[in-house]
2 protein chains.
Amino acid sequence: MNKKEKKPEFEKYEYSSAAVDLVIFSIINGELNVLLTKMKYKPFEGKLALPGGRIRVHESVDECAKREIKEKVGVKDIYIEQLYSFGDVKRDPSVRIISVSYLALVDSIDNIKLETTEKYEKIYWTPINKVSKLAYDHNKILKYALFRLKSKLIYTNIVCNLLPKKFSLSEMQKVHEIILGRKLDKRNFRKKVLTLDLIKEAGREVGVPHRPSKLYSFKTKKLMIIEMF
Amino acid sequence: MNKKEKKPEFEKYEYSSAAVDLVIFSIINGELNVLLTKMKYKPFEGKLALPGGRIRVHESVDECAKREIKEKVGVKDIYIEQLYSFGDVKRDPSVRIISVSYLALVDSIDNIKLETTEKYEKIYWTPINKVSKLAYDHNKILKYALFRLKSKLIYTNIVCNLLPKKFSLSEMQKVHEIILGRKLDKRNFRKKVLTLDLIKEAGREVGVPHRPSKLYSFKTKKLMIIEMF
DNA sequence: ATACTATGTGTATAGACAACACTAAGTAAT
DNA sequence: ATTACTTAGTGTTGTCTATACACATAGTAT
């Protein structure tokens, strides 16, 4: 089965290639953070960018995204979701490359050691509202990722990927407030969350200098479509 | 500025290429139809598939989708929206290629003449529920497109792209019912649509053997996020 | 014992959604 | 002109959901 013979138009034009870019979020010190890299090479030498890399011929797009995450943050089994493909001709000034972007969520940065690679000089967490001009079209990608995260926070249980195994309702509410950027009513929040029947009790907080909160855990971390806030 | 010099990892692996696949819907004779092509070449010779083609190096992904639509149905300025990128390694058995899928909507097939191209033997509209096994992973793509269309029907004004310039509320309701696959209550439908303030009156129907309906048109065809049904 | 701090709880109001059946306005046939 | 036929067009009620809002509780620290 010869390609040229079967699909004669294939050699008429020059075609484009694809890469994956990752928007990895985590809540750190009460702020939403995104993982950024400092680039080593031109045309964006010294600039900040989302981590990413080209899709190899033997791996699926999803596998590529997972491999990149493994390489950068050393963990697997974190939440990951494809966002959108950005394909402007000049988005990378040096080569024609289409970016398939992914959203990933990390619940805690405790077990994570950031790895630089040959391509990147440094890699670090940056609070969302301190992100300035990024390389390529990465501001656009980040903006879209944030939009998606906000949306899904409202109509799914995606927040479970940003919380530790056991958490209080106050913690959960705080994550919502950080991402949505607005205060929520405590009583209404609790009422809603409890009627959704997604979480179960998991003991009590200890050693805090105030009334200890009940702890909860998610019954499942599988993504569910549910009206939230 | 030499690529090899700046991005040394580029030549270590073999990389993948990208194409666009189109899910073009239209309502024909009270049914939702999708545009399918019969393929000329192996490995899917004679099989039905979604129309599509590889992304050229000088065009953006969106431009590629628009070009493909222009080539196949001869119209531009129709609704088009990127869906998802499908990137399994073996989705095309003959080459490694990532598919960026698009949803497109055609309001009327009157001004459309379908064009075959070198790659396709035939191209025709097929009612959604008569679609059987397609080439590649195109059943998956079609299923996702249908899901997206149903979702957006509920929370946006996307239906305006499936209706003629002037339409009655009954016609509009029928389009909703066809796509959602269930009956809607006439009074509730009208109440909701009219309170949304998206449409304006545009005369009356003439020459029908029953009470003529009021006609309406959309104030704007720009996509708006709005709770519908 | 008192101060401090975050937890935890109920009610009332307004708006949205769902269920439901009959009259109105035109054409066609007699 | 009357009648039959066909689709258009119209309101009300009950239920559920979202929102707004304030005070008592259970711990630790002094």
Side-chain angles (χ1 to χ4, degrees), chain A residues 27 29-30 150-151 153-157 159 163-164 166-178 180-217 224-229, chain B residues 27 29-30 150-151 153-157 159 163-164 166-178 180-217 224-229:
Chain A
I27 304 276
N29 301 326
K150 282 183 188 183
S151 306
L153 199 65
I154 291 172
Y155 74 91
T156 74
N157 62 341
V159 69
L163 286 166
K166 295 180 176 193
F167 54 89
S168 66
L169 292 183
S170 300
E171 280 179 88
M172 182 174 172
Q173 181 176 343
K174 216 165 80 185
V175 172
H176 279 258
E177 290 176 343
I178 289 163
L180 296 178
R182 65 171 202 264
K183 284 277 170 199
L184 298 171
D185 180 85
K186 199 196 324 190
R187 278 172 290 191
N188 294 337
F189 184 89
R190 283 156 188 257
K191 212 183 310 171
K192 189 62 189 277
V193 168
L194 292 173
T195 60
L196 288 176
D197 197 37
L198 296 171
I199 58 177
K200 56 173 188 279
E201 293 196 17
R204 299 186 75 78
E205 211 175 8
V206 286
V208 287
H210 54 76
R211 177 173 178 173
S213 56
K214 276 187 192 172
L215 297 178
Y216 294 86
S217 63
M224 325 254 295
I225 308 296
I226 280 147
E227 285 299 325
M228 288 279 284
F229 297 90
Chain B
I27 305 275
N29 301 326
K150 282 182 188 182
S151 306
L153 199 66
I154 292 171
Y155 74 91
T156 74
N157 62 340
V159 70
L163 287 166
K166 294 180 176 193
F167 54 90
S168 67
L169 292 184
S170 300
E171 281 180 86
M172 182 173 172
Q173 181 176 344
K174 215 165 79 184
V175 172
H176 277 259
E177 289 176 342
I178 289 163
L180 297 178
R182 65 172 203 265
K183 284 276 170 200
L184 298 173
D185 180 86
K186 201 200 314 195
R187 278 172 290 191
N188 293 338
F189 184 88
R190 282 156 190 258
K191 211 183 309 170
K192 190 61 189 280
V193 168
L194 292 173
T195 59
L196 288 176
D197 197 37
L198 296 171
I199 58 177
K200 54 172 189 278
E201 294 195 16
R204 298 187 75 79
E205 211 176 6
V206 286
V208 287
H210 55 76
R211 177 173 177 175
S213 56
K214 276 187 191 172
L215 297 177
Y216 294 86
S217 62
M224 326 253 295
I225 308 295
I226 279 145
E227 284 300 325
M228 289 279 282
F229 298 92

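Here is how names work: the chains are called A, B, and so on, in the same order as the sequence lines, proteins then strands, and each is numbered from 1. Bear in mind that the values here come from a model prediction, so they are computed numbers and not experimental data.
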Here the residues of residues 203-212 of chain A within 4.0 Å heavy-atom distance, strictly under, of DNA chain D are A:Val208, A:Pro209, A:His210, A:Arg211, A:Pro212

Note: contacts of residues 190-202 of chain B with DNA chain D (heavy atom, under 4.0 Å) are B:Arg190, B:Lys191

Taken in chain and number order and not counting sequence neighbours, the residues that satisfy side-chain contact (heavy atoms from CB on, under 4.5 Å) with B:Ile154 are B:Leu180

If you count every heavy atom of other residues, nucleotides or ligands that lies below 6.0 Å from A:Lys192 atom NZ, does the total exceed 12? yes

Return all side-chain donor-acceptor pairs below 3.5 angstrom for residues 203-210 of chain B, not counting sequence neighbours, or 'none' if the list is empty.
from: B:Arg204; atom 1: NH2; to: B:Pro212; atom 2: O; distance (Å): 2.9
from: B:Glu205; atom 1: OE1; to: B:Ser213; atom 2: N; distance (Å): 3.0
from: B:Glu205; atom 1: OE1; to: B:Ser213; atom 2: OG; distance (Å): 2.7

Margin query: With a 4.0 Å limit, can you tell me whether A:Ser170 has a side-chain N or O closer than that to the phosphate oxygens OP1/OP2 of C:dT7?
Written below: yes

Going from [atom1] on [X] to [atom2] on [Y], what distance comes out if it is rounded to the nearest 0.5 angstrom?
X: B:Lys174; Y: B:Leu169; atom1: NZ; atom2: CG; result: 13.5 Å
X: B:Lys200; Y: B:Asp197; atom1: NZ; atom2: CG; result: 11.0 Å
X: A:Met172; Y: A:Arg190; atom1: CE; atom2: CZ; result: 11.0 Å
X: B:Phe167; Y: B:Leu215; atom1: CZ; atom2: CG; result: 9.0 Å

Going by the angle between their ring planes, with limits at 30° and 60°, are A:Phe189 and A:His176 parallel, tilted or perpendicular? perpendicular

In the 5' to 3' direction, the nucleotides of DNA chain D bounding the stretch that comes under 4.0 Å of a heavy atom in chain B are D:dT6 to D:dT12

Atom-to-atom span, [atom1] of [X] to [atom2] of [N] - whole angstrom:
X: A:Leu215; N: C:dA6; atom1: CG; atom2: P; value: 16 Å
X: A:Asn188; N: C:dA14; atom1: CG; atom2: P; value: 16 Å
X: A:Glu227; N: C:dC17; atom1: CD; atom2: P; value: 11 Å
X: A:Leu169; N: C:dG8; atom1: CG; atom2: C1'; value: 9 Å

B:Leu184 backbone acceptor or donor facing B:Gln173 side chain under 3.5 Å
yes

Residues at least two apart in sequence or cross-chain that pass side chain to side chain donor-acceptor pair (under 3.5 Å) with A:Lys191, listed by chain then number, are A:Asn188

The answer to which of A:Asp185 and B:Arg187 contacts DNA chain D further toward the 5' end, by nearest nucleotide, is B:Arg187

On the side chain of A:Lys186, is there an atom forming a donor-acceptor pair with the base of C:dG8 - under 3.5 Å, no angle test?
yes

Q | Any B:Leu194 side-chain heavy atom under 4.5 Å of B:Tyr216 side chain | A | yes

